[in-house]
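To keep things clear, I will list the structure first and then write my remarks on it.
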Amino acid sequence: MSPAADDRLRDEVRLLGGLLGEVIRDEGGQGLYDRIEAVRQASVAYHRDSASQDASRLEALLAELSLDDAVGLAHGFAVFSLLANVAEDRAGKRRAREQTSAGARPDTPEGALERLKAAGRSPADARGLLSGALISPVLTAHPSEVRRKSVIDRIAAVSDLLDACDQNQTACAPGVLTAGLRRQTVILWTTRLVRQAGLVVQDEIDTVVSFLERVFLRVAPAQLADWRGRLDAPDLEPFIRIGTWVGGDRDGNPNVDGAVLTAAFRTQARAVLRFYLDEVNALGAELSLSGSMSAVSPELATLAGASGDRSPHRADEPYRRALSEIYARLAATHPVLTGQPAPRAASFAAEPYAGPEAFRADLAVLRDSLVANHGAVFADDRLARLVTAVDVFGFHMATLDLRQNADVHERVVADLLKVAGVCDDYAAQPEEARLAILAGELASGRPLFSPWGAYADETLKERAILQAAAEALRLFGPHAIRTHVVSKTDAASDLLEVYLLLKEVGLYRPADPAACPIQAAPLFETIDDLRASKPTLERLLREPSALAVARARGVQEVMIGYSDSNKDGSYLTSTWELHEASRALLEVTDAAGLRLQLFHGRGGAVGRGGGSSFSAVLGQPQGTVAGRIRVTEQGEVIANKYGEPEVARRNLDALTCGVLLASLAPPPDAELTRRHGATMGRLSRASMAAYRALVYETEGFVDYFRAATPIVEIADLKIGSRPASRRASTAIEDLRAIPWVFSWSQSRVMLPGWYGFGSAIAGEDMDELRVMAREWPFFRTLIQNMEMVMAKADMTIARRYAALVPDRALADRVFAAILAEWDRTRAAVLAITGQDALLGGQPELDRLIRLRMPYVEPLNHVQIELIRRRRAGDDDPRVREGILLALNGVAAGLRNSG
């Protein structure tokens, strides 16, 4: 970031902070403003020297706060963090534009194509790759987004006002900008930042669809059109396919059932059909070409002639008559797919479309006639963009994945087999016996389910959701659902069970297994599962049923989980085991004559696979991308990466560029793995040993964790529709990865993102590690991500959280171990990078974090004080409210904390 850009960022932070200060004085009073400022100053002093006299004022100030002041203070700092994020995001957009104009970056289309050219690759190579590519960001409802939609909307409004000022001096006129910003700040200040009631799945569906509708509907088609132009490939098929889990992911979420799945598709269809109806209506207003003054194609004349539009005013306007027919058919399609009438009725009745292909074909008739008779001015207009949108979104809008835990499938299959008299105790059978039973049933046309049988509720529920999936495929076509992810996969039978359940609803047919529209995809999550993934997949692909489905697609999809493998064995070990499992899985699919399609289950925090998507793709093992990749986008990451069109476009392009470069001009990962693999193996084993010694083998660690982090309080945030733990247990093994990472982020330890690395490199050749960081994208990305998360950590604040532990001896013992490993890891990172300070090689990121932290730290201190009061027995609802506001504000300030 240039000095001028740095100054502009600070100016915008001051502008927004100053307006917020005025609002706080007006709305909350001068006293509240003064207390906020006093705590901020004391927090800065405490950070500089926690033993100084000035710093000691902090605890006294916090202890003296009334509850109303504590809540107001938490609210104030949380709102400031949100506004500071607006300024930071705008600085990021300006920086991206400056860097692009100064020289093509490799994560931009221009830069990627230049790098491909330098590597001896042509645009034809890029066309060939993208013609068969699948690049799919998959939006999930994983609960790490603490902001309400109302808050996100207000933040967007502030950003829009500042953007308008950049583009139009009238919007920057004295008083105009500040009045608009002040208005939005007042609304934000007086908006509840935390939810009063828990989310239900429909809330999550609505939130995801709002992003699809507001951003993706316009950005994804524009991106495809741009790449078609760059590669001179007007018929390039869509390679970006937006996915979602919301409404289909029932792993650990008892609230997802067949009705929810149906509601998800109806909600998506309402949004996309409303968009199409509005666009067709607008085109009808625009395309007033007269048939007596404009030639038309025979196909357009036929379409117009068959229209039910009998208005004499449009008798000589063939395009409008054709569009009236298209609108009427779309309006008739709306109730079929959504269960509700179209928002604006057609003027006459028409037959609904059988599918998006017929709708697109009608639009193409208009487009082709316009281009043929009037030239290229109609080749990239509103109509052309609508055709492209239909290519990308169809009537389903986003491909919805199914997901369930393997244990559930096992119980359901066992129930079906027992009632049918096939096997009394399927669960007791060894793996090969299970596979034999499943293969026999998959070869038989006889269904297992009987309407007169007595089944467990779980069995009936699973059957109902698969019946809903079958109906969705009938209504929306093959892109509606493509994959059924199986969590906790550790055997080939876990996947065959899915095909057996699909057979029960008619989606898998013994006579034609290749026609099964849904592929069962294993999810390997734990370290042990990742290590066993190769033989598991090998055994699966020896089964004719699974192999037939894979060969029909040409790919076998496999999902790999970053979160649980990290919680299981440390960041370093997780990263290396994912790398090695990916290479091993590629060997299996290569041997079977298939392509591997990896689905990366990444979260926002580094401890859950977060970080730059572009760097992550380039860091994948050679050959594992090959034009196809799916990546989860979770929680707060969705708004951060796709919350507005310009940022969303940049992220979609970066993902596309990463896939192109990793596929066509990959770094020599195989050679580097051969040279340094043994070293990485040693580091991985040592890191896992150090990590597990702390987390799983230290007596009292669970008690420390539950007291020294706000894990208990996080459960009150109401940010997701599923429980925080997989079962009623306090064990780390049963805790979901999101609250695990979120808790350590809030307490500023960030333990999942770095612990174990310092111990791992003890005694290693530092020269080799420096070479690895310089030459190997995989290792360089690992170090950079670790640096970023460590820069957001703060052991001074973490020590204050440790003071919440009642057992002082336990607190001192565990915190001493954490602090010692922190010192080792920090020293190790600096030795490898050759820097004097963390992020020394990433000065822009360093400045952004330093700018943000003075306003996050007071929230940590307020959170600690209120947690202390609550745990001491103060059950005043305002204590809880203050804690939740502080949680919200810290998460907003850290940005990728979950």
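- Every side chain to side chain contact (heavy atoms under 4.5 Å, CB included) that Ser311 has, sequence neighbours left out, goes to Asp309, His313, Arg314.
- Panel note: side chain Arg250, backbone Gly247; no donor-acceptor pair is recorded below 3.5 Å.
- Of the possible donor and acceptor atoms, one in the side chain of Tyr276 sits under 3.5 Å from a partner among the backbone N and O of Gly394.
- Within the 3.5 Å criterion, the main-chain N or O of Val200 finds a donor-acceptor partner in the side chain of Asp203.
- Panel note: side chain Asn373, backbone Ser369; a donor-acceptor pair is recorded below 3.5 Å.
- Aromatic pair Phe216/Phe211: centroids not less than 6.0 angstrom apart.
- Between Phe239 and Trp227, the ring planes lie perpendicular to each other; the angle is over 60°, past the 30° to 60° tilted range.
- Screening residues 263-277 for salt bridge (charged side-chain N to carboxylate O under 4.0 Å, His left out) gives Glu213-Arg274 as the qualifying pairs, with residues at least two apart or on separate chains.
- Looking at Arg127, its side chain never comes within 3.5 Å of a backbone N or O of Leu236 through a donor-acceptor pair.
- By the 30° and 60° cut-offs, the orientation of the rings of Tyr353 relative to Phe395 is tilted.
- Between Thr267 and Gln202, the side chains place a donor N or O and an acceptor N or O closer than 3.5 Å (distance only, hydrogens not considered).
- Note: Leu660 CG to Asp125 CG = 10.5 Å, rounded to the nearest 0.5 Å.
- Once rounded to the nearest 0.5 Å, the distance linking CG of Asp257 with CD of Glu462 reads 10.5 Å.
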Show which side-chain atoms of residues 374-381 pair as donor or acceptor with protein atoms under 3.5 Å away, not counting sequence neighbours.
from	atom 1	to	atom 2	distance (Å)
His374	NE2	Ser294	OG	2.8
Asp381	OD1	Leu383	N	3.3
Asp381	OD1	Ala384	N	3.0

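- Taking a cutoff of 4.0 Å between a charged side-chain nitrogen and a carboxylate oxygen, Glu504 and Arg463 do not qualify as a salt bridge.
- Using modelled atom types and a 3.5 Å distance limit, the side chains of Thr140 and Glu204 yield no donor-acceptor pair.
- In this structure, Arg382 pairs ionically with Glu279, as a charged nitrogen and a carboxylate oxygen lie closer than 4.0 Å.
- Using a 4.0 Å cut-off between charged side-chain N and carboxylate O, Asp653 and Arg650 make no salt bridge.
- No salt bridge links Arg482 with Asp401; every basic N to acidic carboxylate O contact stays at or beyond 4.0 Å.
- Contact check on Glu557 versus Arg628 returns no salt bridge, with no Lys/Arg side-chain nitrogen under 4.0 Å from an Asp/Glu carboxylate oxygen.
- The local environment of CD in Gln340 is crowded, with over 12 non-hydrogen atoms from other residues, nucleotides or ligands closer than 6.0 Å.
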